[in-house]
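Each chain gets a letter, A, B and so on, in the order the sequences are listed, and its residues count up from 1. Everything numeric here is computed off the predicted structure, so don't read it as measured data.
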Protein chains: 2
Amino acid sequence: MVTLKQLAKELGVSISTVSKALNNSEEIGEDTVRRVKELAELYNYKPNKVALSLKNNKTKTIGVIIPNILNRILAKVLFGIETEAAKHGYNIITCISNESLEKEKQSLQLLANGSVDGFILSVAEETQINNEIEHFKKTISQGLPIVMFDRVAHDVMCDKVIVDDFDAMYNATKSLLKEKRKNIVFISNINDLSVGKLRERGYNKAILEHGVQEPLVLKIKRKKDDHQKKIKSFLKKNRTVDAVIAADSSSGVIALNTAINLGLKVPKEFSVIAFASKSDSNHTIPKLTTIRQHAKEIGVSAAQMLIARMQNLPASADVKTKIVKTSIVKNKSTL
Amino acid sequence: MVTLKQLAKELGVSISTVSKALNNSEEIGEDTVRRVKELAELYNYKPNKVALSLKNNKTKTIGVIIPNILNRILAKVLFGIETEAAKHGYNIITCISNESLEKEKQSLQLLANGSVDGFILSVAEETQINNEIEHFKKTISQGLPIVMFDRVAHDVMCDKVIVDDFDAMYNATKSLLKEKRKNIVFISNINDLSVGKLRERGYNKAILEHGVQEPLVLKIKRKKDDHQKKIKSFLKKNRTVDAVIAADSSSGVIALNTAINLGLKVPKEFSVIAFASKSDSNHTIPKLTTIRQHAKEIGVSAAQMLIARMQNLPASADVKTKIVKTSIVKNKSTL
DNA sequence: CTGAAAGCGCTAACAG
DNA sequence: CTGTTAGCGCTTTCAG
């Protein structure tokens with residue numbers, strides 16, 4: 001990489017002259033400016049980012065900590081973050097906590113050494129189970145703003161972007177009740193997560209209000225359980241079940257395919273709705289009716305909130321929570 | 001963030017003393033070392049990463065450019081890269097080219113200003129179609145090493161990590177032929193990509209060698225085509241087709257579900273094999289027989305190769321290509 | 001054993 | 001209009 005120093009030497013002028021010329025300072029003579037710019041062009045000069053960061057005491061870099069990059073929603077949010085960040089000239093450093101509290105702490109620690117100007121993160125499963133929040137508070141008190149999305153720690157004072165999980169599930173369940181479904185089961189493989197719990201509560205509320213059936217819940221343990229087997233044996237044992245509402249896409253897809261496999265007519269005698277993305281809905285015939293999360297928008301919003309905060313305010317003070325509404329995309333797995 | 005300066009001031013010693021004490025230099029007295037370390041601990045001192053980068057002229061950061069984070073394989077590779085990088089104390093800056101040549105160029109340019117010590121990337125679709133490679137060469141000539149994975153530009157001299165796409169598809173096709181399948185169709189939605197073409201060639205070779213049928217290929221246009229419709233109408237029109245081999249997971253899952261939907265018995269009278277991951281195989285009943293790519297391992301290898309190169313060698317010289325072999329996981333969609 | 005000083009690449013206040 | 005200087009935070013050589 002060429003430096004100002006080298007350009008200055010070759011041009012026989014001082015470093016600051018070169019710097020000013022490249023920054024279009026009014027102080028420098030037209031002629032000099034031209035000569036400098038030509039040489040800079042020739043050598044493909046780019047200001048050294050690290051030097052600038054040191055000078056300005058900001059890196060124009062956002063730290064993103066994601067629990068699991070294989071989760072489609074989280075990946076999509078990351079996409080949104082990256083897109084919006086790039087638009088504003090920010091880079092993103094990505095760490096994957098792999099749902100581990102320890103790795104999450106480390107990543108936060110490691111990047112809080114001047115590598116980034118702020119964080120966007122979704123809380124790891126282990127962190128939520130243990131209800132740990134000290135590391136977040138510490139980071140914020142060091143002056144580094146945090147924006148949390150999707151899985152958030154409510155007791156931490158920071159900006160948040162969340163989904164209307166409760167309402168979405170409440171409404172979706174009600175739509176199944178309107179179809180006259182009499183025995184709706186809620187299936188979830190994310191019951192340890194805050195969002196999973198909210199979704200279950202939304203389901204419960206709708207069922208209890210309606211008063212025709214008791215809540216019926218099937219919880220899958222990711223990693224441990226054989227997803228297909230668990231759902232198949234459940235549906236076999238509970239022949240009166242006539243609808244599934246799934247908190248995650250896999251449970252939805254598998255439930256629908258299993259129902260078909262068991263000879264049930266979908267949607268005539270059996271309905272399925274799931275939190276899922278468009279490509280998931282292609283994995284069943286008929287196509288799955290889905291609750292869409294607009295994950296990219298979540299990422300975009302999170303990035304916007306963080307950038308705004310980094311440019312203006314202290315890390316805590318007047319924090320906001322933005323709710324990105326879900327929408328239901330009706331396909332042929334419901335009436 | 002506390003700095004050496006502040007610690008020095010508070011302790012009434014010089015900056016260099018503090019620095020040395022923290023780095024366990026033999027030069028400094030035991031007592032001083034202890035005092036310094038205690039205060040550093042108290043204030044949670046962390047050496048400023050940016051200052052170190054400037055000093056050492058290396059950032060301990062890897063630039064990763066990925067065409068599409070929603071692609072499961074690419075996301076998994078990213079996971080592998082991040083894991084291995086973290087192990088060696090490297091951070092990763094992620095850019096998403098979104099399959100665009102322009103964005104890929106920009107990202108490369110932008111990060112080549114001292115932000116990263118090297119790159120790991122998979123070539124964007126548009127780049128492969130236009131067969132552009134100048135931007136890669138330029139980056140390498142600037143002294144920044146590149147490791148390419150999966151979709152690589154063969155004419156660029158750099159380290160590469162690839163998959164045995166051709167062989168994998170050749171062998172998988174042969175296994176279908178051994179099942180006495182008489183009319184095997186190759187379905188792909190990635191035909192513009194280098195890997196997609198390799199897979200098609202592997203299929204072709206196996207079919208032509210066997211000599212019983214002509215190659216039969218169905219190409220899906222991502223974005224444009226309705227994936228389900230396209231496959232359904234194809235299978236309806238080609239009733240003699242008795243096996244599908246898919247270059248991508250969606251085509252595999254949809255083909256299998258469609259076959260079932262059309263009343264075909266899988267695997268008795270119809271087989272399906274697809275390049276796909278474990279979770280995809282759960283999206284069909286019976287479970288899909290898959291060609292697995294070991295994507296995480298690809299990421300790990302790529303990171304290892306880059307780190308080795310950054311520590312030792314010039315950016316070009318003695319480049320290596322590593323092939324990460326696929327493996328077939330037999331499930332119940334084949335005999 | 002401790003400190004002063006230089007330098008990584010850059011900007012900007014201040015002198016000339 | 002151009003140059004000198006200081007300083008961002010750190011390490012390291014060289015003096016003391």
Side-chain angles (χ1 to χ4, degrees), chain A residues 1-37 39-40 43-61 89 110-117 142-144, chain B residues 1-37 39-40 43-61 89 110-117 142-144:
Chain A
M1 285 199 32
V2 214
T3 64
L4 288 185
K5 203 180 184 178
Q6 289 159 34
L7 294 179
K9 196 173 169 191
E10 189 151 338
L11 288 162
V13 298
S14 79
I15 294 177
S16 57
T17 302
V18 180
S19 170
K20 286 173 189 164
L22 291 174
N23 292 313
N24 295 314
S25 163
E26 297 298 326
E27 296 180 18
I28 306 296
E30 256 188 63
D31 202 52
T32 318
V33 170
R34 205 171 19 74
R35 282 178 53 225
V36 170
K37 286 199 170 172
L39 198 69
Y43 284 151
N44 190 30
Y45 169 81
K46 294 274 178 302
N48 183 304
K49 180 83 180 305
V50 175
L52 283 178
S53 298
L54 184 61
K55 180 81 183 144
N56 301 329
N57 198 24
K58 47 172 106 166
T59 58
K60 285 281 228 171
T61 303
L110 232 61
L111 296 183
N113 62 357
S115 296
V116 304
D117 299 340
Q142 283 174 31
L144 288 169
Chain B
M1 286 199 33
V2 213
T3 65
L4 289 184
K5 204 181 186 179
Q6 288 160 34
L7 294 179
K9 194 173 170 193
E10 190 151 339
L11 287 162
V13 298
S14 78
I15 294 178
S16 54
T17 302
V18 179
S19 170
K20 286 172 188 166
L22 290 174
N23 291 313
N24 294 313
S25 162
E26 297 298 327
E27 294 180 23
I28 306 296
E30 255 186 64
D31 203 54
T32 318
V33 170
R34 204 171 21 73
R35 282 177 54 226
V36 170
K37 287 199 171 172
L39 198 68
Y43 283 150
N44 190 30
Y45 169 80
K46 294 274 179 304
N48 182 303
K49 181 83 180 305
V50 175
L52 284 178
S53 298
L54 184 59
K55 181 81 183 142
N56 302 329
N57 199 23
K58 46 171 106 166
T59 58
K60 286 280 230 169
T61 302
L110 232 61
L111 296 182
N113 63 356
S115 296
V116 303
D117 299 339
Q142 283 175 30
L144 288 170

Contacts of B:Asn56 meeting side chain to side chain donor-acceptor pair (under 3.5 Å) (sequence neighbours excluded), chain-then-number -> none
Please tabulate, for the side chains in residues 25-32 of chain B, all donor-acceptor contacts under 3.5 angstrom to protein atoms that are two or more places apart in sequence or on a different chain.
unit_1  : atom_1 : unit_2  : atom_2 : d
B:Ser25 : OG     : B:Glu27 : N      : 3.1
B:Glu27 : OE1    : B:Lys20 : NZ     : 3.1
B:Asp31 : OD1    : B:Arg34 : NH2    : 2.5

- request: Quick one: label A:Val50 by what it contacts on the DNA or RNA (base, sugar-phosphate, nothing), any heavy atom closer than 4.0 Å.
  value: nothing
For B:Thr3, the side chain to side chain contact (heavy atoms under 4.5 Å, CB included) test, sequence neighbours excluded, returns B:Lys5, B:Gln6
_When you compare the side chain of A:Lys49 with that of A:Thr61, does any pair of heavy atoms fall below 4.5 Å?_
yes
Going 5' to 3' through nucleotides 10-16 of chain C and flagging B where a protein heavy-atom sits under 4.0 Å of the base, S where only the sugar-phosphate is that close, and - otherwise, we get BBBBB--
When rounded to whole Å, the NZ to P distance for the pair A:Lys58 and D:dG9 reads 15 Å
Sequence neighbours excluded, the answer for side chain to side chain contact (heavy atoms under 4.5 Å, CB included) partners of B:Lys9 is none
Bend of the helix from C:dC1-D:dG16 to C:dG16-D:dC1 from end-axis comparison, five pairs per end, nearest 10°, comes to 60°
Between CD of B:Glu30 and C1' of C:dT2 the distance, given in whole Å, is 16 Å
Side chain to side chain donor-acceptor pair (under 3.5 Å) filter on B:Thr59, not counting sequence neighbours, yields B:Asp117
Here the distance between atom C1' of D:dT2 and atom CG of A:Asp31, to the nearest Å, is 14 Å
A:Leu7 atom CG is separated from C:dG9 atom C1', nearest whole Å, by 12 Å
* **N or O in side chain of B:Thr17 less than 4.0 angstrom from C:dT2 OP1/OP2** => no
Rounded to whole Å, CG of A:Asn57 lies from C1' of D:dG9 at a distance of 10 Å
When rounded to whole Å, the CG to P distance for the pair A:Leu11 and D:dT2 reads 12 Å
Taken in chain and number order and not counting sequence neighbours, the residues that satisfy side chain to side chain donor-acceptor pair (under 3.5 Å) with B:Ser19 are none
Rounded to whole Å, the CZ-C1' distance (B:Arg35 to C:dC1) equals 13 Å
Counting any heavy atom closer than 4.0 Å, what does B:Thr32 reach on the DNA or RNA strands: base, sugar-phosphate only, or nothing? sugar-phosphate
Here the distance between atom P of C:dG9 and atom CG of A:Leu54, to the nearest Å, is 12 Å
By side chain to side chain contact (heavy atoms under 4.5 Å, CB included), B:Leu54 pairs with (sequence neighbours left out) A:Val50, A:Ala51, A:Leu54
Could you check if a side-chain atom of A:Leu4 sits within less than 4.5 angstrom of a side-chain atom of A:Leu22, using non-hydrogen atoms only?
yes
